Chemist: 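Let me begin by handing over the structure; questions about it come next.
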There are 4 protein chains.
Amino acid sequence: MTAMGFENPVRTRAGRPRSVESRRAILQAAMLILQTQGYRALTIEGVAAKAGVSKQTIYRWWSSAAYIVLEALTSDPLQPPVPDTGGLHDDLLELIRPMVKALGARRGPIMKALIAEAQADARFAETLRTTFMAQHREALHALVGRAQMRGEIGFDADRELTADLVYGPMLYRLLNGHGPLDDAFAHAVTNAAVRMLKSTAGTPRIRAEAAE
Amino acid sequence: MTAMGFENPVRTRAGRPRSVESRRAILQAAMLILQTQGYRALTIEGVAAKAGVSKQTIYRWWSSAAYIVLEALTSDPLQPPVPDTGGLHDDLLELIRPMVKALGARRGPIMKALIAEAQADARFAETLRTTFMAQHREALHALVGRAQMRGEIGFDADRELTADLVYGPMLYRLLNGHGPLDDAFAHAVTNAAVRMLKSTAGTPRIRAEAAE
Amino acid sequence: MTAMGFENPVRTRAGRPRSVESRRAILQAAMLILQTQGYRALTIEGVAAKAGVSKQTIYRWWSSAAYIVLEALTSDPLQPPVPDTGGLHDDLLELIRPMVKALGARRGPIMKALIAEAQADARFAETLRTTFMAQHREALHALVGRAQMRGEIGFDADRELTADLVYGPMLYRLLNGHGPLDDAFAHAVTNAAVRMLKSTAGTPRIRAEAAE
Amino acid sequence: MTAMGFENPVRTRAGRPRSVESRRAILQAAMLILQTQGYRALTIEGVAAKAGVSKQTIYRWWSSAAYIVLEALTSDPLQPPVPDTGGLHDDLLELIRPMVKALGARRGPIMKALIAEAQADARFAETLRTTFMAQHREALHALVGRAQMRGEIGFDADRELTADLVYGPMLYRLLNGHGPLDDAFAHAVTNAAVRMLKSTAGTPRIRAEAAE
DNA sequence: CATTAACCGAGACGGTACGTCCCGTCTTAAG
DNA sequence: CTTAAGACGGGACGTACCGTCTCGGTTAATG
């Protein structure tokens, strides 16, 4: 399954086949423009010109520039790892660390662009949520689930809220830029999440009555 | 001090004074368009037409549509309250609740628009960070500081991280739309933050060595 | 060869070909506005709106409204005739008469507009001079040349000056509006020019020494 | 009498008197812009800025930029001379020569601008015709009249047509730029006009029947 | 000698048009 | 049947000037 705007033709059909070279050139040109000139400058015309491709070819496979960026992101082999170190703290740290690092480096502008676009395009927001975000949340869910099975934390831990507490701060720093996305931050978030999760054990009633 | 794009002349200067009526009409028209047609449809030309104002008048005082929205937001009397209930949990809840509620209602689209714009305009990002975001973070800092003075929590609590843990999840839900922004969410975030902060007390070494 | 602002592609090239219908609509709309509302009102936006065409399409082929008018004028099949009646006087009269008549009627506003524009745009002035004006001057040159071959006038007649004496007064009346552009004027100018040319014959020395 | 757009107050009235310095600065700034940047760049805002004057002050005394230029032209002491050498040829030459010279030099751009403006503004055209053009035509009329009194030329000479034949070519060269405005041209035009006028003498019937 | 009327600079205002960018669609010839 | 090329109608951009309109601040003749 792909994250692009339109379905990929599967069966081999008559006529000139799709140019894989064009596809590559488009993705590459889009990333280059995004990295060097920013999201503002990422236009279909600009990508077409830089890739030496016609606009129509782009529109045939992607419905907007944002989908190109999304595909560039997801087609990258660096998918979220699901570490299994045997301990919640280390599992979480290993999950978070590469993402924090990537967002702090050249993945930052890409992610910013995707989220910005999602605020103005509901269809794209849905795609982004279900393809990219859900993947990471599920990785975390699996990790927390294993900790519950091991008895490290109680079964009453709110996995959805945990995901919010882990990924929220990351996104916040990325988008607001008030602090660095570095290893210290990854450690701090990990510690906070673990402490929060462990303190839940044995005190499920408080949450229940507080949220009434 | 204002959050607008350009400085407001303070001293009475020569020349025709700025029209307060135009200013009001512009802000109002911008909010109306944003609420009814979305951020995509928020163009300078559209605002000028609806407000019965020339484009030049808008550009004279704001450098883009985003600054108009930001000013509409900050000129609103509903500023972050700094509650003082005597307890950390209730203080935090009172701080968060109105914001969560507003973002879940008609403030949502505004905030989404501002953050989206900030990703494409570094100058605006700076303005948003220093005018709006900083205000809320400082309100939280004050609140946590009082809890420290009361001895509710230790002095080693990381106030910056706390702010990330409180506002991050909120922003995440707003932008990703994977869950509701309601009272239950406000309670959950409050509980998680309080528990995290209290568990810090007496265990400063863990954080210190973990973050090495 | 055309008088338009940009070169006309001659070879069949890739890409969608130029829309002949748009071209026609633009020229027609421009002439209509010029005739009914005057040159002041001849704006690119107005032409685009009336022709049901985008501004870009106009700018793609003409660099300003003046070039549209010039093309409308030169694409008209009514080009300067080169009469051959066998006599200088009648040849000249037949050359001048239709032009005087046209300038006195609906061609007047067009010509005024073109000349006015040329005073503010050197590039257009050059185009107007080489495409339209030169055509008429050469028609006159041919006519005078034939009279010289016939022996009606001397070979020392200054053809450039003759053109000035024939077209100058016409332009003067058109632009200054101090007198009518009618048949009587065409006759008077013709007579004056013929008398002047014939009086040259046999008195070449006077001119030569006077102009020293 | 002045050639400006509005009447000059004659009686001394109450209130602050008109600033002669502003007037001078405006005229000077207008001429400077016209000479260095061309007619296109001659805007009220530009003149106001360069003269250090408010726009209102300009509009109070002139109704458009063209009137400023016209006043700058007519307020200049160099008015058309009415030479009286005793001979038609020399009278005419002395009348024409300074004008041809001036138009060939720095008066050219001014005259071009005035005529261009007149084509788009009927009110200004009328002003230009009656103030500037008529003055020169009348000087020529006087000159031709004296030649008739002396018997140099016949009384049937068409003085209006003569003015067209003298000033038309001048204007034509100025506006079309196909040839220089120099002394040789002044001589040539003078000779042509004189020969034409003299050939009229004694042959009034030809003109009469030709123009029918 | 204060009043008052007109002038002056500065500059904001509602407008119109500019020329450009980019959108998403289309129409051609070439492969 | 895809591709590069590129023209098309359309929408918005940000800018330049237009001519008008307040402002505060002169500057003289008049009462």
Side-chain angles (χ1 to χ4, degrees), chain A residues 9 13-19 21-22 41-49 51-61 63-65, chain B residues 9 12-19 21-23 41-49 51-61 63-65, chain C residues 9 11-23 41-49 51-61 63-65, chain D residues 9 11-19 21-22 41-49 51-61 63-65:
Chain A
R13 302 222 264 126
R16 182 172 172 176
R18 176 178 180 188
S19 165
E21 201 167 331
S22 287
L42 186 67
T43 66
I44 297 288
E45 296 218 327
V47 172
V53 144
S54 82
K55 285 201 291 174
Q56 196 60 262
T57 301
I58 298 178
Y59 281 114
R60 215 187 301 279
W61 305 107
S63 48
S64 85
Chain B
T12 312
R13 300 219 270 106
R16 182 175 175 173
R18 179 175 182 185
S19 163
E21 200 167 332
S22 286
R23 195 191 98 104
L42 186 67
T43 66
I44 297 289
E45 295 215 329
V47 172
V53 142
S54 81
K55 282 203 289 176
Q56 195 65 82
T57 297
I58 298 180
Y59 282 113
R60 220 188 305 276
W61 302 107
S63 46
S64 83
Chain C
R11 293 195 309 104
T12 311
R13 300 219 271 104
R16 182 174 175 174
R18 179 176 182 183
S19 163
V20 282
E21 198 167 333
S22 287
R23 194 192 100 103
L42 186 66
T43 66
I44 298 289
E45 296 215 327
V47 172
V53 143
S54 80
K55 283 202 290 176
Q56 194 64 80
T57 297
I58 298 179
Y59 282 114
R60 220 189 307 275
W61 303 106
S63 46
S64 82
Chain D
R11 295 200 308 108
T12 315
R13 300 218 267 123
R16 181 174 175 174
R18 177 177 182 185
S19 163
E21 200 166 332
S22 287
L42 187 68
T43 66
I44 297 288
E45 297 219 326
V47 172
V53 143
S54 82
K55 285 201 291 174
Q56 196 61 262
T57 299
I58 298 180
Y59 281 114
R60 213 190 302 277
W61 303 107
S63 49
S64 84

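Scope of the values below: all heavy atoms of this structure, side chains included, with no hydrogens, waters or symmetry mates. Per chain, numbering begins at 1; letters A, B, ... match sequence-line order. Computed from a predicted structure; not experimentally measured.
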Chemist: Taking CG from C/L42 and P from E/dC18, how many angstroms apart are they, rounded to a whole number?
Modeler: 9 Å
Chemist: Hey, which of these two, C/S19 or B/A65, hits DNA chain F nearer its 5' end, going by closest nucleotide?
Modeler: C/S19
Chemist: What nucleic acid atoms does B/G52 come within less than 4.0 Å of, heavy atoms only: base, sugar-phosphate, or nothing?
Modeler: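 B/G52: backbone/sugar contact only, no base atoms under 4.0 Å.
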Chemist: Taking the six-membered ring of B/W61 as reference, does the NZ or CZ atom of B/R18 fall below 6.0 Å from its centre and within a 45° cone about the axis?
Modeler: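 Yes, B/R18 lies over the aromatic ring of B/W61.
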Chemist: Tell me which of B/P17 and A/S64 sits closer to the 5' end of DNA chain E, going by the nucleotide each one is nearest to.
Modeler: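 Its nearest nucleotide lies further toward 5', so the answer is B/P17.
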Chemist: Look at the side-chain N and O atoms of A/T57 and state whether any lies under 4.0 Å from the OP1 or OP2 oxygen of F/dA4.
Modeler: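 Yes, because at least one side-chain N or O of A/T57 sits under 4.0 Å from OP1 or OP2 of F/dA4.
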Chemist: Run the side-chain contact (heavy atoms from CB on, under 4.5 Å) test against B/A51 and tell me which residues pass, sequence neighbours left out.
Modeler: B/A25, B/I26, B/A29, B/V53
Chemist: What integer distance in Å separates C/Y59:OH from E/dC22:P?
Modeler: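 That distance rounds to 17 Å.
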Chemist: Between D/S22 and E/dG9, is there a contact of a side-chain N or O with OP1 or OP2 at under 4.0 Å?
Modeler: yes
Chemist: A/A48: what forms a side-chain contact (heavy atoms from CB on, under 4.5 Å) with it, not counting sequence neighbours?
Modeler: A/K55, A/I58
Chemist: Only counting residues at least two apart or in another chain, list the ones meeting salt bridge (Lys or Arg N to Asp or Glu O under 4.0 Å) with B/E21.
Modeler: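 None.
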Chemist: Counting only side-chain nitrogens and oxygens, does D/S54 get under 4.0 Å of the OP1 or OP2 atom of E/dC8?
Modeler: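 So the side chain of D/S54 is outside the cut-off, no N or O lying under 4.0 Å from OP1 or OP2 of E/dC8.
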Chemist: Could you work out, with side-chain contact (heavy atoms from CB on, under 4.5 Å) as the rule, every residue matching A/A49, not counting sequence neighbours?
Modeler: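 None.
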Chemist: Tell me whether the OP1 or OP2 atom of E/dC8 has a side-chain N or O from D/W61 closer than 4.0 Å.
Modeler: yes
Chemist: Can you work out whether B/G15 or B/A41 has the more 5'-proximal nearest nucleotide on DNA chain F?
Modeler: B/A41
Chemist: Would you indicate, yes or no, if E/dC8 has its OP1 or OP2 atom less than 4.0 angstrom from a side-chain nitrogen or oxygen of D/R60?
Modeler: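 Yes, because at least one side-chain N or O of D/R60 sits under 4.0 Å from OP1 or OP2 of E/dC8.
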Chemist: 5'-most contact on DNA chain E: D/V53 or C/T43, nearest heavy atom basis?
Modeler: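 Result of the comparison: D/V53.
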Chemist: Got a donor-acceptor pair under 3.5 Å from the side chain of B/K55 to the base of F/dG14?
Modeler: yes
Chemist: Rounded to the nearest angstrom, tell me the gap between atom CD1 in B/I58 and atom C1' in F/dA12.
Modeler: 13 Å
Chemist: Check side-chain contact (heavy atoms from CB on, under 4.5 Å) between B/S54 and all other residues, then give those that pass, not counting sequence neighbours.
Modeler: B/Q56, B/T57
Chemist: Rounded to whole angstrom units, what separation is found between the CZ atom of D/R16 and the C1' atom of E/dT3?
Modeler: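 My rounded result for the distance is 17 Å.
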Chemist: Note down the inter-axis angle between the two ends of the helix from E/dC1-F/dG31 to E/dG31-F/dC1, five pairs each, to the nearest 10°.
Modeler: 10°
Chemist: Expressed in angstrom and rounded to an integer, what is the separation of C/I44 atom CD1 from E/dT20 atom P?
Modeler: 11 Å
Chemist: Report the distance from atom CZ of C/R18 to atom C1' of F/dG9, rounded to the nearest whole Å.
Modeler: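 Taking atom C1' of F/dG9 as the reference, CZ of C/R18 is at 16 Å.
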Chemist: What integer distance in Å separates B/E45:CD from E/dC21:P?
Modeler: 17 Å
Chemist: Please give, in whole Å, the distance from E/dC22 C1' to A/Q56 CD?
Modeler: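 About 15 Å, once rounded to whole Å.
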